[in-house]
Amino acid sequence: MVAEIDQSACIEMRQISKSFPGVKALDSVDFKLYPGEVHALLGENGAGKSTLIKILTGALERSTGDIWVDHNKCDFRTTGDAQSAGISTVYQEVNLIPAMSVTKNLTLEKISGRFGYVSWRKARTMAREKLKRLNVDIDIEQPVGSYSVAIQQLVAIARALDDDTKVLVLDEPTASLDAQETANLFAIINDLKSKGIAVVFITHFLDQVYAISDRITVLRNGKKVGTDLATNISRKDLIAMMIGRELGDVEAAFSTKGTGATGETVLQANQLGKKRTLDGFDLELKAGEAVGLAGLLGSGRTEMCKLIFGAIKADTGNLVVFGNSTNRTNPRNSLDLGIAFCPEDRKSEGLVGELSIRENIIISMQSKQGWLKPISRKEQERIADEMIASLGIATPDADKPVGQLSGGNQQKVVLARALASSPKILLLDEPTRGIDVGAHAEILTLIRKLCEQGLALLVASSELDEVVASSDRVVVLRDRAKIGELQAGSITRDNIIQMIAGTDNV
Amino acid sequence: MSSVSQPSTPVWKRISQSRAIWPILALVVILIVDGFISPNFYNIRIVEGRLFGNLIDIVYRAVPTALVALGMAIVIGTKGIDLSVGSIIAISGAIIAWRIQAGDNHVVILAYAVIAGGLCGVWNGTLVAFLGIQPIIATLILMVSGRGVGMLINLIYGGTDPSFESAFLQGLSTGSIGYIPTRILLFIAIFIALWLVVRKTALGLFVESVGGNAAASNLAGINARRIIFVSYVICGVMAGWAGMIMTADTHTSDPVSVALYIELDAILAVVIGGGSLMGGRIYLGMTVIGALVIQALTTSILISGLPPEYNLIIKALVVLFVLLLQSDNARKQIVALFRGKHNE
């Protein structure tokens with residue numbers, strides 16, 4: 001019944017699943033690594049990349065599935081287990097202690113000798129050896145914090161590497177590096193590769209994927225979309241794999257769009273932007289239309305929503321809302337102007353988990369009214385019950401702590417909060433992230449209904465088909481800049497992918 | 001999260017699952033124990049037109065701690081902490097002594113004490129909310145320096161003898177209206193005012209929201225910084241009131257030793273009352289119960305005849321016990337211990 005283990009693979013993960021309360025983070029994912037390959041692991045936020053890596057490195061326990069390391073079945077319970085099996089990780093946030101010297105950072109866990117006596121001479125030798133593997137030549141007595149991020153990254157890699165390291169996982173190693181530093185890092189990765197180390201490379205820069213990877217695995221919504229040699233996957237195919245799921249029954253039902261008849265312009269952004277965040281962009285929103293925001297992870301989708309909402313302060317351009325040019329600088333003013341925003345990350349930016357559903361729903365409305373005009377308990381209950389009924393939030397009562405709801409219902413509470421503030425303009429950042437199919441469909445229906453009621457919607461989504469299905473117009477982003485718009489007739493998967501991929505096709 | 005499946009009557013279930021039950025139970029148990037220690041414990045009599053007795057005494061003595069704890073409850077609700085309350089009391093006491101020596105109207109002096117507390121809160125709030133300094137460090141600054149400020153104020157008028165006579169303040173300390181000590185009435189008035197501000201405006205909800213998730217609150221349109229700032233100002237004002245009563249008790253300003261460790265009692269009162277240092281909830285009424293628990297303990301140790309050296313240790317043990325009762329995890333383990341180990 002069980003297929004033969006791949007003899008040439010150094011790591012084989014088979015049928016790995018991981019469930020968290022209310023969401024299945026990984027669903028039967030297979031993943032193989034061969035010695036001396038660079039394997040790019042791609043996917044949007046919430047696709048399951050970090051869950052898979054955490055299971056590989058022992059930071060999380062899998063719900064089901066098996067892992068073989070060098071043909072031996074392994075059961076990692078701690079990160080220490082994985083490390084002794086030769087699997088090392090460098091996380092995105094560098095895990096070094098900035099105030100400590102390079103030596104101490106490199107040898108921290110290994111230097112306690114007999115009776116806790118530390119030989120600093122030995123430690124220095126060990127640190128130099130570790131850095132030599134990467135051809136890094138720095139003063140090892142200086143505190144790590146005094147070096148650039150690029151050097152810190154190398155120190156972190158040096159720390160992760162041991163003589164018996166078989167697998168090195170690099171989670172977004174280039175996120176804060178410039179072109180030259182990235183090139184240096186790639187030279188080092190190639191060197192490790194030639195020593196037979198398998199490198200798992202997580203990134204959202206497609207250029208870098210093609211520059212360094214031998215094979216690519218793409219995850220989406222906890223499932224594996226595919227694995228292939230990098231040379232076999234064109235850039236367009238890759239984008240399609242990451243964000244372009246085939247239109248399922250659910251979305252098909254909503255592809256019947258509104259007439260496209262739209263009202264007056266309610267919001268206009270003129271070269272609104274912020275340095276290093278999003279280049280200045282022009283955008284027009286009309287009453288009764290849903291504008292989709294498409295682009296890859298890191299292209300600036302969230303930033304565009306937050307700039308409009310005032311959660312990120314713009315340093316260029318201006319915004320005209322209902323004909324009045326504004327200098328809004330904060331979310332509260334935006335609410336007053338009739339703009340509401342549903343953030344992407346429910347847990348950290350959306351909900352106050354301790355508070356009840358009712359309190360979470362009325363809080364924007366309350367802050368709009370000011371603290372001196374409290375909404376009476378009775379009124380709060382009326383609004384909450386109304387929202388629970390109209391959005392179909394599944395809960396026995398409105399006073400349950402919102403943290404106890406499932407993902408989809410939590411998302412509906414975030415939406416309910418925005419709607420309770422009676423907005424004219426609604427910004428939705430990933431409204432269907434991490435929720436089950438049923439709730440997904442309900443939220444898409446709702447978006448359509450809100451449009452018909454005359455709201456102007458801006459919907460950022462990593463689900464390409466969702467964008468295609470629910471938008472009257474699509475704004476496309478790439479590398480932190482708006483690169484174009486697609487009008488009603490020309491919104492197709494292929495057109496969007498073509499725009500994101502750009503002219504420099506691989 | 002835990003699904004309770006034991007069959008029990010709904011009423012009992014609701015009571016036993018309410019957070020409020022444990023501190024109240026602790027208070028009741030302490031008072032019952034007191035009855036055994038001292039047979040006359042519950043006697044209340046009228047002396048010089050005023051109620052006297054151990055029960056009254058506990059409430060009477062708990063007032064300053066309770067006032068400070070109420071302010072602390074709001075600060076803790078924002079996920080903050082205020083270590084400087086004892087120093088604020090020292091400063092407000094020094095200002096009272098100074099202005100009495102200067103001959104101001106004694107009612108105006110009350111206003112000075114409260115305003116001084118408020119200004120101290122403005123300082124703390126600025127450091128925490130607008131400069132982004134961690135609450136424990138930010139308030140440590142005033143905790144350390146505040147008593148020095150108090151001594152400097154004493155120096156302003158020569159300072160060798162900061163004691164004073166004031167019939168008005170004496171009234172606050174030992175006086176009574178009807179049969180009830182004045183300060184208890186004052187406390188009730190302040191409590192109601194604070195409760196109205198916190199619960200009858202949206203302030204309480206905003207504080208809990210900011211304490212629960214500041215980033216989400218900001219995106220929901222709440223100015224989190226302003227809310228945090230206001231909470232420290234309220235805490236300072238409450239400490240100012242407490243300073244007034246404590247200074248009235250001693251007829252002098254003693255910045256070095258007045259209200260020593262009151263910040264710890266106040267934090268304990270909040271925690272016994274069910275507040276979490278992780279922020280997100282304010283329980284005003286239960287905080288008062290917490291302050292009463294602490295005072296009842298102190299009083300019982302005194303009347304039990306145990307040497308006062310035991311006071312702090314016994315207090316610590318009881319507090320530990322109450323906190324264990326409040327922790328779901330610990331309670332389950334204790335219950336399992338009594339039931340034997342047959343269910344895991």
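Note on naming: letters A, B, ... go to the chains in the order of the sequence lines (proteins, then strands), and numbering restarts at 1 for each one. Side chains included, hydrogens not; waters and symmetry mates left out as well; all remaining heavy atoms used.
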Student: Taking heavy atoms only and a threshold strictly under 4.5 Å, list by residue number the residues of residues 113-137 of chain B that touch chain A; give 'none' if the list is empty.
Tutor: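 Interface residues of residues 113-137 of chain B: none, nothing closer than 4.5 Å to chain A.
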
Student: Among the options A/A340, A/S367, A/S421, pick out the one with the most heavy-atom pairs lying under 4.5 Å from chain B.
Tutor: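 Among A/A340, A/S367, A/S421, the one with the most close pairs to chain B is A/S367.
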
Student: Name the region of A/K373, side chain, backbone, both or neither, that has any atom closer than 4.5 Å to a heavy atom of chain B.
Tutor: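 No part of it gets close to chain B.
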
Student: Tell me, please, which residues at least two apart from A/S348 pass side-chain hydrogen bond (donor to acceptor under 3.5 Å, both in side chains).
Tutor: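 Partners of A/S348 by the side-chain hydrogen bond (donor to acceptor under 3.5 Å, both in side chains) criterion, ordered by chain and then number, come out as A/D345.
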
Student: Is it the side chain or the backbone of A/L335 that comes within 4.5 Å of chain B heavy atoms, both, or neither?
Tutor: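 Contact with chain B involves the side chain of A/L335 alone.
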
Student: Hey, could you give me the CH2/CG distance between A/W371 and B/L203, rounded to the nearest 0.5 Å?
Tutor: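 Between A/W371 CH2 and B/L203 CG, I get 6.0 Å after rounding to 0.5 Å.
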
Student: How about residues 210-232 of chain B versus chain A: which residues have heavy atoms under 4.5 Å apart?
Tutor: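 Against chain A, the residues of residues 210-232 of chain B that fall inside the cut-off (heavy atoms, under 4.5 Å) are B/G212, B/N213, B/A215, B/A216, B/S217, B/N218, B/L219, B/A220, B/G221, B/I222.
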
Student: With a 4.5 angstrom heavy-atom cut-off, could you sort out which part of A/I362 is near chain B: side chain, backbone, both or neither?
Tutor: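 Interface part for A/I362: side chain.
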
Student: Which pairs with one or both residues in residues 186-213 of chain B pass salt bridge (Lys or Arg N to Asp or Glu O under 4.0 Å), sequence neighbours excluded?
Tutor: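 Salt bridge (Lys or Arg N to Asp or Glu O under 4.0 Å) check on residues 186-213 of chain B returns B/R199-B/E208, B/E208-B/R281.
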
Student: What are the two closest heavy atoms between A/L355 and B/G280, and how far apart are they?
Tutor: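 In terms of heavy atoms, the two residues are closest at CD2-O, 4.3 Å.
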
